[in-house]
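Heads up, the thing below is written out as structure tokens.
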Amino acid sequence: MSQRPQALFAMTPENVPQVFPPEVLDRLRESVDIDPALVVRDFADPGVRDALARAEILVTGWGCPRLDEAVLEAAPRLRAVLHSAGSVKSFATFGIWRRGIAVSSAAAANALPVAEYTLAMILLAGKDVLAARDRMRTTRTSSGWGVVPGIGNYGRRVGVIGASRIGRRVLELLRPFDLRPALTDPYVDEREAAALGVPLLPLDDLLRTSDIVTVHAPETPETHHLIGRRELALMPDGAVLVNTARGALVDHDALVAELRAGRLTAILDVTDPEPLPADSPLYDLPGAFVTPHLAGSQGNELARLGLTVAEEAERLLTGGELAYAVDLAALEREA
């Protein structure tokens, strides 16, 4: 009989081999007894009843069913939920914390590729690379070598909306460059902003003074259309908006109007709705660069999420504290 705690996967089954490739799965199984062939898609399925009753750890991921009171009653030995993705809001309920069950999330690991995507787009936008590519594709000519005025990444102001995990990582990645980042976040004070190495500005001032604005706030009722017609009008001519957060944070009708006027450029990895309908003008407007929600973990980056879970399982096994515990008090203002 294994002395390792019993664990159970609860997620979309197709994601298990992606998030837990063989080397990562082997490491996880050094800490827990888990069967990769048994993956819960519905906690009410009679076929998982016994496994759920024995489970001490749930390894969750995208597609995890909701952990309501009935599920928690059916899992009396459960002591930890280790989530191999970002937010736990879609399935976690208050009863988990009330029962003293530990919750961990790989959100910090998932933040890394989003921040890397954002950094790449900031640097490309500063050099006008995306628009130059489109011009060359349209005209089939090149202006040849020469100084291009109005572009470059020296001293350009980058406004970061939201000191989320991703927003903070973006600020870290910007440090080696000769850019001037600034931050806006209603939950950050001057002292914390100073520790992050950036000035703290009201949203309106950040929009007025930034060449590039990148959005990293959560989607909540308060942030719906955070960037609307009035806010977009504050941005200077030629400014760039980057959104890798959630599409609903930006009023797309207002954004399309600015793009049609040729005043702003937008780099959107998320849209509202998502996916975009086939007749959306964002596909064709020259100032719009749209990607299909790929900034987050993709391909080989998914293994980083699984590794985060394996490391958290090791900490549990040795009596250590979880490195990425989910704070219930902070959960309400997270995505």
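As the structure is a computational prediction, the values presented were derived from the model and not from experiment.
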Is a salt bridge present between [X] and [Y], judged by a nitrogen-to-oxygen distance below 4.0 Å?
| X | Y | answer |
| --- | --- | --- |
| E312 | R315 | yes |
| D33 | R54 | no |
| R208 | D205 | yes |

> Do T93 and D68 meet the criterion of a side-chain donor-acceptor pair at a distance under 3.5 Å?
Replying inline: no
>> Pairing donors with acceptors under 3.5 angstrom, does anything connect the side chains of T244 and D269?
In response: no
> So with a 6.0 Å cut-off around CD of E321, is the heavy-atom count from everything else above 12?
Replying inline: no
> Should the heavy atoms of other residues, nucleotides or ligands under 6.0 Å from OH of Y324 be counted, would the total exceed 12?
Replying inline: no
> Side-chain contact, heavy-atom cut-off 4.5 Å: L305 with W62?
Replying inline: yes
> Are F289 and D134 close enough that some pair of their side-chain heavy atoms sits under 4.5 Å apart?
Replying inline: no
>> Would T220 and E222 count as a side-chain hydrogen bond (donor to acceptor under 3.5 Å, both in side chains) here? Give the steps.
In response: CA-CA 5 Å; T220 66; E222 292 75 24; 3.2 Å; yes
>> Using the rule side-chain contact (heavy atoms from CB on, under 4.5 Å), only one of L173, L196, L183, V160 pairs with R168; which is it?
In response: L196
>> Apply side-chain contact (heavy atoms from CB on, under 4.5 Å) to residues I161 and L226 and explain how you reach the verdict.
In response: CA-CA 10 Å; I161 298 178; L226 178 69; 3.8 Å; yes
>> Using a 3.5 Å distance criterion without hydrogens, assess whether the side chain of S210 forms a donor-acceptor pair with backbone atoms of R157.
In response: no
> Just how far is it from atom OG1 of T223 to atom CZ of R246, taken to the nearest 0.5 Å?
Replying inline: 10.5 Å
> Which value, rounded to the nearest 0.5 Å, describes the distance between L78 atom CG and I96 atom CD1?
Replying inline: 8.0 Å
Is [Y] reachable from [X] through a run of hydrophobic residues whose side-chain heavy atoms are each under 4.5 Å from the next?
| X | Y | result |
| --- | --- | --- |
| L130 | V213 | no |
| L316 | F20 | yes |
| L328 | L67 | yes |
| M11 | V32 | yes |
| L124 | V158 | yes |

> Which atoms form the tightest heavy-atom contact between L232 and D251, and what is the distance?
Replying inline: CD1-O, 4.4 Å
